[in-house]
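Below: one structure, written as structure tokens.
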Amino acid sequence: MGKRIPRRPLGKTGLEVSVLGLGGFHQVEVGQDTVDAVVDLYLAAGGNYIETARSYGAGASEHKLGRALGDRRNDVILASKTGQRDAEGAWREVNESLEALGTDHLDILIYHCLTEDADVNALATPGGAVEAFRRAQEQGMVRYTAASTHWPLALLPAMERLRLDAVMYWVNYLVPCNYPELYHTVAPRARELGLGIIGMKPLGDGYLHRSVGPAFTYALAQEVDVLACGFNSPEMLAADIDAVCAWQPPEASQLEAILRDAPELGDYICRQCGRCRLEDADVMRVFELEGKFDQQMFDGRPTSAPDYALRQRLCYWFNNQERAMALYQPLAPAVEALLASDCALPTCPYGINVRRKLCLAHTKLTGNPEFPSGVYSF
Ligand code: SF4
């Protein structure tokens with residue numbers, strides 16, 4: 001018998017999900033033959049969580065996955081998402097999803113990409129999408145509901161107001177650097193409420209492609225039930241199956257070593273260790289906001305063309321720049337004063353040049369297209 005992907009309970013739903021989920025976004029980028037081969041390999045390895053969204057290729061992902069699954073629909077927990085905020089639009093989309101996937105029900109329907117409190121208000125107001133979700137549940141078209149986000153704090157009101165069974169957000173080792181609130185606030189509240197946690201992007205949308213083993217070692221050690229991941233080929237999927245099947249609960253020292261040594265973090269990305277929480281300016285918070293702005297991916301250094309292209313593709317992927325800049329405004333005067341002074345800044349245990357990074361972060365977060373002279377030297 002070949003490798004079998006382990007399973008975990010999904011919150012209090014009663015569902016048992018394979019820890020490696022098959023994410024549908026990448027199915028847009030490849031042909032039906034590849035989708036068929038990926039689904040066949042995934043199911044053969046014991047995978048049972050397949051997730052897509054109505055907006056992925058305007059339904060193309062759902063069509064391809066539905067064809068690839070064929071008569072194996074009941075072998076999997078099938079999830080899709082709608083970004084519609086009103087009842088009429090959500091009802092239309094859930095019906096389109098069912099038709100495209102060739103099924104009469106979804107196991108999980110997900111409110112897609114909540115970003116603002118206004119999203120939750122729109123969903124929960126009379127005529128909002130909550131009504132369509134409830135109607136779909138009452139009619140047996142949907143079993144459980146969840147909400148996904150790329151701005152984690154948006155999940156706090158969602159968890160209180162939308163009667164969710166699960167939440168979905170990033171789980172990878174960039175997260176504690178850029179979105180530490182996920183660990184401090186969002187995940188603990190989700191677990192208090194008994195919700196399942198669907199992780200996404202364990203490889204950071206491909207940014208952690210050099211580090212598949214450490215990436216899964218780290219991600220599966222977090223508060224998570226399933227990691228939805230995209231695969232553009234059976235070979236990519238096979239490498240991830242190997243990683244999750246070899247997983248053992250790591251020691252705390254192993255997780256520290258990953259954060260210390262990860263090549264993607266290097267001597268630029270702030271690990272939020274606490275040393276830069278200064279009396280005059282919360283520099284660590286500035287670096288966190290830089291993480292929300294561009295995932296701390298632009299470091300002002302020359303790099304290879306493929307690495308540059310990957311960073312350009314990913315750094316603004318979630319459109320959080322304006323939110324980060326707005327949060328930075330009250331901090332900016334203290335940072336300006338700090339940069340104008342010649343006071344000593346903390347020595348970083350990860351080798352980060354704190355003054356240079358602060359200068360870059362300030363420049364990004366104030367929207368100044370011109371970087372001051374000196375920040376390109378290293
Ligand atoms: S010392 Fe380094 S890791 Fe710690 S807060 Fe400062 S920049 Fe971040």
Side-chain angles (χ1 to χ4, degrees), residues 152-153 170-186 204 207-208 210-211 214-215 217-219 221-222 250-301 303 311 314-315 320-321 323-325 327-366 368 371-372 374-378:
L153 290 177
W170 304 289
V171 177
N172 61 54
Y173 61 69
L174 296 169
V175 167
C177 309
N178 299 332
Y179 293 91
E181 66 270 27
L182 268 173
Y183 295 155
H184 301 153
T185 311
V186 178
Y207 193 59
L208 311 182
R210 289 169 286 182
S211 310
T217 297
Y218 180 87
Q222 307 309 307
E251 303 283 339
S253 60
Q254 278 177 271
L255 297 176
E256 284 166 19
I258 289 171
L259 288 177
R260 184 188 63 227
D261 302 333
E264 301 85 1
L265 305 180
D267 63 358
Y268 188 77
I269 293 190
C270 171
R271 274 71 156 187
Q272 298 284 299
C273 81
R275 285 195 196 192
C276 290
R277 191 148 265 171
L278 309 180
E279 204 171 300
D280 293 340
D282 188 348
V283 172
M284 189 173 81
R285 170 72 171 161
V286 176
F287 295 159
E288 179 200 326
L289 294 176
E290 183 192 7
K292 291 168 172 37
F293 182 87
D294 71 351
Q295 303 199 69
Q296 305 184 66
M297 284 187 184
F298 179 75
D299 61 11
R301 294 163 167 169
T303 184
R311 287 170 190 243
L314 298 180
C315 68
N320 286 338
Q321 304 98 293
R323 277 178 283 279
M325 290 167 78
L327 289 169
Y328 181 64
Q329 276 182 13
L331 303 179
V335 171
E336 263 173 24
L338 202 57
L339 287 171
S341 78
D342 57 3
C343 72
L345 293 176
T347 302
C348 176
Y350 303 98
I352 295 166
N353 180 332
V354 173
R355 180 170 286 275
R356 174 180 177 276
K357 180 172 174 63
L358 186 61
C359 186
L360 266 171
H362 176 74
T363 308
K364 293 176 191 179
L365 290 163
T366 49
N368 184 349
F371 288 95
V375 297
Y376 285 98
S377 60
F378 54 91

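Just so you know, these numbers use all the heavy atoms, side chains as well, and skip hydrogens, waters and symmetry mates. Order of appearance sets the numbers: ligands from 1, and atoms from 1 within every ligand. Along the sequence shown, the residues carry numbers beginning at 1.
Atom 3 (S) of ligand 1 has its closest protein heavy atom at R271 N, 3.4 Å. Among protein heavy atoms, the minimum distance from atom 6 (Fe) of ligand 1 is reached at C276 SG, 2.3 Å. Scanning the protein for heavy atoms near atom 8 (Fe) of ligand 1, the closest one is C270 SG, 2.4 Å. Here the protein heavy atom with the shortest distance to atom 4 (Fe) of ligand 1 is C273 SG, 2.3 Å.
We find that R311 and D294 are not joined by a salt bridge, their nearest charged nitrogen and carboxylate oxygen being 4.0 Å or further apart.
E264 and S211 share a side-chain donor-acceptor pair at under 3.5 Å.
For the pair V354/T347, no side-chain contact is recorded, criterion being any heavy-atom separation below 4.5 Å from C-beta on. Annotation: side chain of E336 is in contact with side chain of H362 (closest heavy-atom distance under 4.5 Å). With a 4.5 Å cut-off on side-chain heavy atoms, Y350 and C270 do not count as touching. Looking at heavy atoms from C-beta onward, K364 lies out of side-chain contact with Y328 at the 4.5 angstrom threshold.
Taking backbone and side-chain atoms together, C348 has an N/O/S atom less than 2.8 Å away from atom 2 (Fe) of ligand 1.
Rounded to the nearest 0.5 Å, atoms CG (D299) and CG (L360) are 8.0 Å apart.
Short contacts between ligand 1 and R275, defined as distances under 4.0 Å to a heavy atom of the residue, involve ligand atoms 1 (S). Applying the 4.0 Å criterion to heavy atoms of F287 picks out, from ligand 1, the atoms 7 (S). Ligand-side atoms of ligand 1 in range of P349: 1 (S), range being under 4.0 angstrom from any heavy atom. Shown in contact with Y350 at under 4.0 Å from a heavy atom are these atoms of ligand 1, numbered in order with element: 3 (S).
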